[in-house]
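Below, read A as the first sequence line, B as the second, and so on, with proteins coming before strands; counting in each chain starts at 1. This is a predicted model, so every value here is computed, not measured.
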Number of protein chains: 2
Amino acid sequence: MRERVQDSGNCKVAANRRLHPDSHTCDLCEARAFNMCNALEPEELARLAAIMSHQTVEAGGTFIEEGAAADDLFNLTSGTVKVFKLLSDGRCQITGFMMAGDFLGLSRGGTYAYSATAITPVTFCRFQRPQLRGLFNELPKIERQMLGLAMNELMAAQDQMVLLGRKTARERIASFLLTLSDRAVRRGRPGNPVDLPMTRGDIADYLGLTTETVSRSFTQLKTERVIALKGNHGVEILDLDALVEIAGIDERSTAMAFDTIA
Amino acid sequence: MRERVQDSGNCKVAANRRLHPDSHTCDLCEARAFNMCNALEPEELARLAAIMSHQTVEAGGTFIEEGAAADDLFNLTSGTVKVFKLLSDGRCQITGFMMAGDFLGLSRGGTYAYSATAITPVTFCRFQRPQLRGLFNELPKIERQMLGLAMNELMAAQDQMVLLGRKTARERIASFLLTLSDRAVRRGRPGNPVDLPMTRGDIADYLGLTTETVSRSFTQLKTERVIALKGNHGVEILDLDALVEIAGIDERSTAMAFDTIA
DNA sequence: AACAATCCTTGACCTGAATCAATGCGAGCC
DNA sequence: GGCTCGCATTGATTCAGGTCAAGGATTGTT
């Protein structure tokens, strides 16, 4: 069943790691409210800015490869990235879609724990680990902020485990749409026509399904007038209550707040 | 398919939250090497000890309930705990088995994000959040250590997503056995007869399968002489290479090291 | 506008794991 | 020892979602 190599090689790692350096000022950063820079004073922000470079990756570009030396840590400022892991036979699991404010670059034994590919054009701040480590010592605030981010990600990961382990295809799609809508709102964007920058194949690789099943589930929800499809990259939620009901009611994430560890 | 309420109510939350206070000295703590106390000097450890209470929960006791006020943070010192989330119809997903050194008590909006039940008798250190928060300000080392622990857990969660989203039943069981063996070794215990304190139902709820499928997979691996069953709570690995091969080769976790964030 | 290259949808069919249903077994307890 | 009760195994059957196979719709390019 799952022996087949994923269709169009959605997740195959291409070697097009083209990084475009870019000027940038933290003052105007849209992502600032949700990321590790959040708690910093202007003077501290300047110190952080001094050790980072702001860069761009075009859609389709893979800028982190699982297993490569984990030299850098990334902080997304715009665009959407898929983070994924591959099995040796090509099966792919996307562990998350990252957006402005999310950090990237977890390492295990000095090498990246996953690959990351831009789905849309992406911008990020890039830090070299040794330099960032030095700054951590002087500005423990950053570390605290990152701990909060990591905890939030951990809780999202646990929700995803529930989804992957115990939900039906229909429930997974409903949960996915609600989560995306919610994340958009939290970033100050409209939550209703939900923006889906990724392909059906990506959604499938995220939800532990196949392209065909994702498509069929969308069609089913459309037929029931719970959603309407706006081209390939948009979904309008017509009946939010129904969608929440279908998703399985554990959507406490809808009320998710940013918690610190203690 | 998944509509059925889980068999024996493995994961139903019982109200037997019996906490036995217990005297304890950090000097002799077995868990110290892997948990947040690791980096502390004796003097600092004493300050941490001052704000904690050491307690015991008997097997079967539920000491964290999803949705309840998240007043405390826990630090396991011995025994095994299952951490799980329930869907409204009773479907259960165990998001992790926690052992000595692991921390418990993630919260979202002031309430616990999951439930936790002791599988064996368990001991832990318990901290009240406000007090711990105060100590964080004075001893940022603790925060750093926790960030490392959280990152490690996040990577483990990502591995589990790969397992739940893309692996076959057989691969899940093989991966599970290897992971458990590995964790035992890292805690200075024998890695080979693998100790399985949990029931088949718990394993099923962790791997996104049913009791029956878990049992069948064990039987299959036994028939192939890859493992031998030692009663219900032990498995001897007879052919490690075969098991690694079956697990899907992404078991970099075997070589997992403790990484700090930067 | 025509083309190409993806991506998406739909249909027919198949299969791995779930479900339903006994039966076996072992740890704790008189 | 024998009883019991929860857990584990095994078998028969079903079904959700995967696989295979066309087409149809978008999107980008010249």
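If you check every strand for non-hydrogen atoms under 4.0 Å, Leu229(B) touches sugar and phosphate atoms only. Within the nucleic acid shown, Thr219(A) comes within 4.0 Å of sugar-phosphate atoms alone, with no base atom in reach, counting heavy atoms only.
Spacing between atom CZ of Arg166(B) and atom P of dG17(D) amounts to 13 Å, rounded to whole angstrom units. Across the protein-nucleic acid pair, Leu164(B) atom CG and dG16(C) atom C1' stand 16 Å apart, rounded to whole Å. Distance NE2 (His233(A)) to P (dC8(C)): 6 Å, rounded to an integer number of Å. For the pair Arg91(B) CZ and dA16(D) C1', the computed distance is 13 Å after rounding to whole Å. One atom, CD1 of Ile173(B), and another, P of dA8(D), lie 12 Å apart when rounded to the nearest Å. Between the NZ atom of Lys230(A) and the P atom of dC8(C) there is a distance of 18 Å, rounded to whole Å. One interatomic measurement links the two molecules: CZ of Phe218(B) to P of dT10(D), which rounds to 13 Å at whole-angstrom precision. We find that CG of Leu207(A) is positioned 13 Å from C1' of dG17(D), with the value rounded to whole Å.
Distances from the side chain of Arg216(A) to the nucleotides dA8(D), dG17(D), dA12(C) place dA12(C) closest. The Asn232(B) side chain lies nearest to dA8(D) when the options are dG11(C), dG17(D), dA8(D). Looking at the side chain of Thr211(B), the nearest of the listed nucleotides dT9(C), dT9(D), dA17(C) is dT9(D).
Side chain Glu212(A) to base dC8(C): no donor-acceptor pair is found below 3.5 Å.
Residues Ser78(A) and Thr123(A) have side chains that bring a donor and an acceptor to within less than 3.5 angstrom of each other.
Nearest-nucleotide positions on DNA chain D for Gly231(A) and Arg170(A) put Arg170(A) closer to the 5' end.
In terms of phosphate contacts, Thr213(A) brings a side-chain nitrogen or oxygen within less than 4.0 Å of OP1 or OP2 of dG18(D). Between Thr199(A) and the phosphate of dC7(C), there is no side-chain N or O to OP1/OP2 separation shorter than 4.0 Å.
Between Phe74(A) and Tyr112(A), the ring planes are tilted. Angles from 30° to 60° get that label.
Nearest approach of Lys167(B) to Arg91(A), heavy atoms of both residues: CA-NH1, 3.9 Å. Here the shortest heavy-atom pairing between Leu196(B) and Phe176(B) reads CD2-CE2, 4.0 Å.
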(Q) Working note: Leu164(B) + Arg166(A), criterion side-chain contact (heavy atoms from CB on, under 4.5 Å); need CA distance, chi angles, decisive distance, verdict. (A) CA-CA 9 Å; Leu164(B) 291 171; Arg166(A) 291 295 178 216; over 6 Å; no
